[in-house]
Amino acid sequence: QVQLVESGGGLVQAGGSLRLSCAASGRTFSRLAMGWFRQAPGKEREFVAAIGWSGIGWSGVDTNYADSVKGRFTISRDNAKNTVYLRMNSLKPEDTAVYYCAADPSIAVVRDGHGYWGQGTQVTVSS
């Protein structure tokens, strides 16, 4: 079992920035791929970003982004703090949604919207 707790949401004006955090527990964090999804009112949950984990003999990590957030959002992880972050810049009103953290050992599973989920944090961008 993996427990995920998101934080950092809030109300921000268009053009502003927020940083979301997701603290994980229950499994070895350094072996979990992590992701962010969002769900706006009346819409389906959609993929935002995902980050993999470093394998043996490889120090890099995979990152994936939805086209709608590329260049504005950055996903990162701090294995020492068991936390994944989503830095959101140049926010737009259409970014308003509940943002959910997801986790699984496989980044493919995370990207497909499966695995473990947090309870979500509300992000509201005013125009």
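With rounding to the nearest 0.5 angstrom, the CH2 atom of Trp53 is 11.5 Å from the CG atom of Asp62. To the nearest 0.5 Å, atom CD of residue Gln39 and atom CD of residue Glu46 are 9.5 Å apart. Leu86 contributes atom CG, which lies 10.5 Å from atom SG of Cys22 (distance to the nearest 0.5 angstrom). For the atom pair Gln3 CD and Cys101 SG, the distance stands at 12.0 Å (nearest 0.5 Å). For the atom pair Ser17 OG and Phe73 CZ, the distance stands at 9.5 Å (nearest 0.5 Å). Between atom CG of residue Asn82 and atom CE of residue Met34 there is a gap of 9.0 Å, rounded to the nearest 0.5 Å.
Checked by atom type and distance alone, the side chain of Thr63 never pairs as donor or acceptor with a backbone atom of Ile51 at under 3.5 Å. Judged by distance alone, with hydrogens and angles left aside, the side-chain atoms of Asp112 form no donor-acceptor pair with the main-chain N or O of His114 at under 3.5 Å. Within the 3.5 Å criterion, the main-chain N or O of Val2 finds no donor-acceptor partner in the side chain of Arg27.
Linking ILVMFWY side-chain heavy atoms closer than 4.5 Å, directly or via other members, places Val110 and Leu4 in two distinct hydrophobic clusters. Neither Val12 nor Val98 shares a network with the other; the hydrophobic side chains, linked directly or stepwise wherever heavy atoms of I, L, V, M, F, W or Y lie under 4.5 Å apart, form separate groups for each. Put simply, Val84 and Tyr116 are part of the same group of oily side chains (I, L, V, M, F, W, Y) that touch within less than 4.5 Å, one to the next. Leu32 and Phe37 sit in two unconnected hydrophobic clusters of ILVMFWY residues. Membership requires side-chain heavy atoms under 4.5 Å apart, directly or through other members. Linking ILVMFWY residues whenever their side-chain heavy atoms come closer than 4.5 Å, directly or via other members, leaves Phe47 and Leu20 in distinct clusters.
Taking each heavy atom of Ser127 and Ala14 in turn, the nearest pair found is CA-CB, 4.3 Å. Asn79 and Ser30 make their closest contact through ND2-CB, 3.8 Å (heavy atoms, listed as atom of the first residue, atom of the second, distance). Of all non-hydrogen atoms in Arg77 and Gly52, the two that sit nearest each other are NH1-O, 2.7 Å.
Screening Trp117, Trp36, Tyr99 for a side-chain contact (heavy atoms from CB on, under 4.5 Å) with Glu6, the sole residue that qualifies is Trp36.
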Report the C-alpha separation of Tyr85 and Ser76 in whole Å, then their side-chain angles, then the decisive distance to 0.1 Å, and conclude whether the side-chain contact (heavy atoms from CB on, under 4.5 Å) test is met.
CA-CA 5 Å; Tyr85 303 99; Ser76 61; 3.7 Å; yes
Would Gln13 and Leu91 count as a side-chain contact (heavy atoms from CB on, under 4.5 Å) here? Give the steps.
CA-CA 8 Å; Gln13 288 189 331; Leu91 282 162; over 6 Å; no
Could you give me the CA-CA distance, side-chain angles and deciding distance for Lys81 and Phe29, then say whether side-chain contact (heavy atoms from CB on, under 4.5 Å) is met?
CA-CA 9 Å; Lys81 295 182 178 180; Phe29 182 77; over 6 Å; no
What verdict does the side-chain contact (heavy atoms from CB on, under 4.5 Å) test give for Arg38 and Val69, after you've listed the backbone C-alpha separation in whole Å, the side-chain angles of each residue and the deciding distance to 0.1 Å?
CA-CA 12 Å; Arg38 66 187 182 186; Val69 306; 4.0 Å; yes
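Residues Asp95 and Lys92 are not paired through a salt bridge, judged by the lack of any N-O separation under 4.0 Å between the basic side chain and the carboxylate.
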